[in-house]
Amino acid sequence: MPTKSKTIERPRLDEDVVPFTEYRRTLNDCFARTARTHRPIVITQNGRSTSVMMSVADFENTWDEIETLRAKAELAKAIAISRKQFESGECLTEEESFDEIEKMLDGMESR
């Protein structure tokens, strides 16, 4: 389970954009800065943004947030479909629902 840290912040363009040569020279400082500020560092090459560096804890927390948002979106989609089915009469009775659940449970027990 990832370590919970402060929410990642937007990079500050006046502080967090670093040319690759400077990034290489000050790598340890960059590691410490991302962990302290919770802001990623934008690395440039030939004057263009090419990569982003962030702490592992911030990366894991960001990934967790993405997965949570995806799950919420899927749940909202399923609820919307269920509502449409209910409104159009495409639904099971209580008894039919429990019969379906019992069948699923029986199938799980037989494995």
Side-chain angles (χ1 to χ4, degrees):
M1 194 75 185
T3 307
K4 291 297 175 195
S5 70
K6 185 177 172 185
T7 301
I8 190 170
E9 294 188 18
R10 178 179 293 279
R12 293 183 186 160
L13 298 180
D14 60 337
E15 295 179 25
D16 300 325
V17 177
V18 178
F20 179 72
T21 53
E22 180 183 336
Y23 171 74
R24 243 184 8 192
R25 192 178 73 248
T26 62
L27 193 56
N28 287 334
D29 293 337
C30 290
F31 289 153
R33 184 180 354 163
T34 58
R36 184 183 69 250
T37 64
H38 301 282
R39 293 189 322 256
I41 292 176
V42 178
I43 303 162
T44 63
Q45 228 173 356
N46 299 321
R48 293 182 172 230
S49 302
T50 57
S51 299
V52 174
M53 178 204 162
M54 64 173 39
S55 72
V56 169
D58 287 337
F59 177 80
E60 288 176 336
N61 287 330
T62 300
W63 199 264
D64 287 345
E65 288 179 31
I66 290 168
E67 288 177 335
T68 299
L69 291 171
R70 285 179 178 162
K72 286 181 180 179
E74 286 296 317
L75 181 59
K77 185 177 175 181
I79 290 170
I81 291 169
S82 295
R83 284 186 173 151
K84 284 182 183 177
Q85 289 173 336
F86 181 77
E87 288 168 2
S88 67
E90 301 174 44
C91 53
L92 301 175
T93 65
E94 182 179 351
E95 186 175 331
E96 291 169 328
S97 296
F98 281 113
D99 287 344
E100 288 291 321
I101 293 169
E102 285 176 1
K103 285 179 192 174
M104 289 189 323
L105 291 173
D106 289 343
M108 294 169 82
E109 289 174 0
S110 65
R111 289 184 195 171

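Other residues, nucleotides and ligands contribute only 12 or fewer heavy atoms inside 6.0 Å of the CD atom of Glu94. A 6.0 Å sphere centred on CG of Asn46 holds no more than 12 heavy atoms belonging to other residues, nucleotides or ligands.
Not a single side-chain hydrogen bond (donor to acceptor under 3.5 Å, both in side chains) links Glu109 to another residue, sequence neighbours left out. Remark: Thr93 pairs with Glu95, Glu96 by the side-chain contact (heavy atoms from CB on, under 4.5 Å) rule, at least two apart or across chains. In this view, Arg25 satisfies the salt bridge (charged side-chain N to carboxylate O under 4.0 Å, His left out) rule with no residue, not counting sequence neighbours.
No single ILVMFWY cluster, assembled from side-chain heavy atoms under 4.5 Å apart, contains both Val52 and Trp63. Tracing side-chain contacts under 4.5 Å through hydrophobic residues (I, L, V, M, F, W, Y), one reaches Leu27 starting from Phe20; they form part of the same cluster. No continuous path of ILVMFWY side-chain contacts below 4.5 Å connects Val42 to Met53, so the two sit in separate hydrophobic clusters. Both Ile101 and Met108 are assigned to one and the same hydrophobic cluster, defined by single-linkage of ILVMFWY side chains at heavy-atom distances under 4.5 Å.
No donor-acceptor distance shorter than 3.5 angstrom exists from the side chain of Thr44 to the backbone of Gly47, with no hydrogens or angles considered. Between the side chain of Thr34 and the backbone N or O of Ile41, no donor-acceptor pair lies under 3.5 Å.
Rounded to the nearest 0.5 angstrom, Phe98 CZ and Leu105 CG are separated by 11.0 Å. If you take CD on Glu102 and OG on Ser97, they are separated by 11.0 Å, rounding to the nearest 0.5 Å. Separation of atoms CD1 (Ile81) and CZ (Arg83) is listed at 12.5 Å; rounding is to 0.5 Å. Here the CG atom belonging to Asp99 is positioned 9.5 Å from the CG atom belonging to Leu92, to the nearest 0.5 angstrom. To the nearest 0.5 Å, atoms CZ (Arg24) and CD1 (Ile43) are separated by 11.5 Å. Within the model, atoms CG of Asp58 and CD of Glu65 stand 9.5 Å from one another, a figure rounded to the nearest 0.5 Å.
The two atoms that bring Arg10 and Arg39 nearest to each other are O-CD, 3.4 Å, heavy atoms only. Closest of all the heavy-atom pairs between Met54 and Pro40 is CB-CB, 4.1 Å.
Ion pairing between a basic and an acidic side chain is recognised when a charged N comes within 4.0 Å of a carboxylate O; Asp16 and Arg33 show such pairing.
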